[in-house]
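To keep things clear, I will list the structure first and then write my remarks on it.
Residue numbers start from 1 in every chain, and the chains themselves are labelled A, B, ... in the order their sequence lines are given, proteins ahead of strands.
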There are 2 protein chains.
Amino acid sequence: MDGTRTLGRRERLRIETTAEIKAVAMDLMAEGGPGAISLRAIARQMGMTPNAIYAYFATRDDLVTTLISDVYTGLADATDAALDAAPPGDAAALIRAWGGAFRTWALAHPQGFRLIYSEAVPGYLSPEGGAGAEAEARFCLGLTRIAVTAWPHARHLHPDDFTWDDFETELLAPIREIFPGLTPTALALTLRIWGHLHGIVSLEVYGHLRAPAATLDKIYNAELAQLIRSLGIDP
Amino acid sequence: MDGTRTLGRRERLRIETTAEIKAVAMDLMAEGGPGAISLRAIARQMGMTPNAIYAYFATRDDLVTTLISDVYTGLADATDAALDAAPPGDAAALIRAWGGAFRTWALAHPQGFRLIYSEAVPGYLSPEGGAGAEAEARFCLGLTRIAVTAWPHARHLHPDDFTWDDFETELLAPIREIFPGLTPTALALTLRIWGHLHGIVSLEVYGHLRAPAATLDKIYNAELAQLIRSLGIDP
DNA sequence: GCGGAAACTATACGGCATGAATTTTATGTG
DNA sequence: CACATAAAATTCATGCCGTATAGTTTCCGC
């Protein structure tokens, strides 16, 4: 029995309209930034009354939360796919794949980047735990995998300053289950690497790095190269 | 003759009111974030009509631009002061001073950090060249000074991949005048270091780094320590 | 074919930035 | 001191925004 078979015209329409609302919202965001997402603009675009949207999303914030989740999922999909396409044991290749996918995605979806990382929607308050929490966890898990893969080469280069007490156990448990070889210092390193790449890409996306595009490519490649070196991996 | 002596009551009041508008706007931002900056809220707080503010700032965006400039100036003052208080030739001390001042300022002024780095004001569009451009230049100049100071130790650790052609000359000229010893690769390194620290602090300010405050301190200190090591400086 | 739910519209309220016109207020000058 | 003038502030209006409430249409399952 096919589950979708039982969908009546009603629920099919509902799904399609929901998708259209999100698609129009994404379009508005793509040109105009996250702040351009408004129920009235979406309704105008769709030839509807603003209030009709309330049949699909309880509030504008609910819609934005869904968008953040979708967009972050897209980012996590991109980095995961890059990781899957790289040779699993080759830490340098994993770094180049993940790092490249991250920046490529960010430059292709600058407004999406702003949406998920800078609360750029006027009155929006993200729900507890954050909007794209699940996707963000998956996104970071990829980076953690890299750190775990590289750790045998890297551990002697980094002072072993951290213990598991430095992290909150409820967040920790699922990660340690997936990566039994993870150490506290490797986790701290993971967060720092995240920061490095996030920072460079973030400055680039927001236009603070006033250099030609080709130079920004070189700078990011230099960053990845030094990251690989700093993890004690042979080029 | 004292220049301020010639100020009449009128201009003194104007200056005071302008200052009060900015102060109230800062207060609103401190509790409620950059998005809470609204002319009506400011006017309410001051017991005025919203339109009265137009006598002091042409538009809300003008006010925001001024605020960004003020806030960024505060950040640049903080990092400059830290740099001035450190032993000039000691690159490791400069890094710890600058990096520490940067993060300390960001944690003390999280909403200011959001204001200057993430365009979090609803419909705000920053003018050409960016709002806090002068302060940002000064802020980056401090970091450049560190890179220049450390470069003799660091240069053999970094492949010399960059040339002056990689950067735009009009932005470059004033910097090269201040730092005759600056090389293109050192400048690229400066931007990358900016990215590293910006990214870690940014993730922390936005709550993406879900770890206890003490751990975040340790992570940042580990970052500064590794930065010093990666520049070939003895501890 | 009929009851009820889902989808949608109409109207309204309060908040926002801002423009134009107007009144109030203070200043410098005759 | 009185008055013209410019600055400061108010009032009124327009057009955005989210969203609450109430009413209407449409379609599905029984």
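For B:Leu39, the side-chain atoms get nearest to C:dA17 when compared with the rest of D:dT11, C:dA10, C:dA17. For A:Tyr54, whose side chain is taken as the heavy atoms from C-beta onward, the closest listed nucleotide among D:dA9, D:dG18, C:dT18 is D:dG18. Nearest nucleotide to the side chain of A:Arg60, out of D:dA9, C:dA7, D:dG18: D:dG18. Among the nucleotides C:dT9, C:dA17, C:dC16, the one closest to the side chain of A:Ala52 is C:dT9.
By the 4.5 Å heavy-atom criterion applied to side chains, A:Arg114 and A:Met29 are not counted as neighbours. Side-chain atoms of B:Leu75 and B:Tyr117, non-hydrogen and from C-beta on, do get closer than 4.5 Å to each other.
Here the P atom of nucleotide D:dT10 and the CE atom of B:Met48 are 6 Å apart, to the nearest Å. Across the protein-nucleic acid pair, A:Ile42 atom CD1 and D:dC16 atom C1' stand 15 Å apart, rounded to whole Å. B:Tyr124 has its OH atom 22 Å from the P atom of D:dC17, to the nearest Å.
In this structure, A:Ser38 reaches the D:dC17 phosphate: one of its side-chain N or O atoms is under 4.0 Å from OP1 or OP2. The phosphate of D:dA8 (OP1 or OP2) has a side-chain N or O of B:Arg14 nearer than 4.0 angstrom.
Under the side chain to side chain donor-acceptor pair (under 3.5 Å) test applied with A:Lys22, the options A:Asp27, A:Asp70, A:Thr66, A:Thr17 reduce to a single match, A:Asp70.
Comparing B:Thr59 and A:Asn51 by the nucleotide of DNA chain C that holds the closest heavy atom to each, the one mapping nearer the 5' end is A:Asn51. In this structure, A:Ala58 and A:Arg44 both approach DNA chain D, and ranking their closest nucleotides by distance from the 5' end singles out A:Arg44.
Annotation: cation-pi geometry satisfied between A:Arg176 and A:Trp164 (NZ/CZ under 6.0 angstrom from ring centroid, within 45° of ring axis).
Counting any heavy atom pair closer than 4.0 Å across all strands shown, B:Arg40 reaches a base atom.
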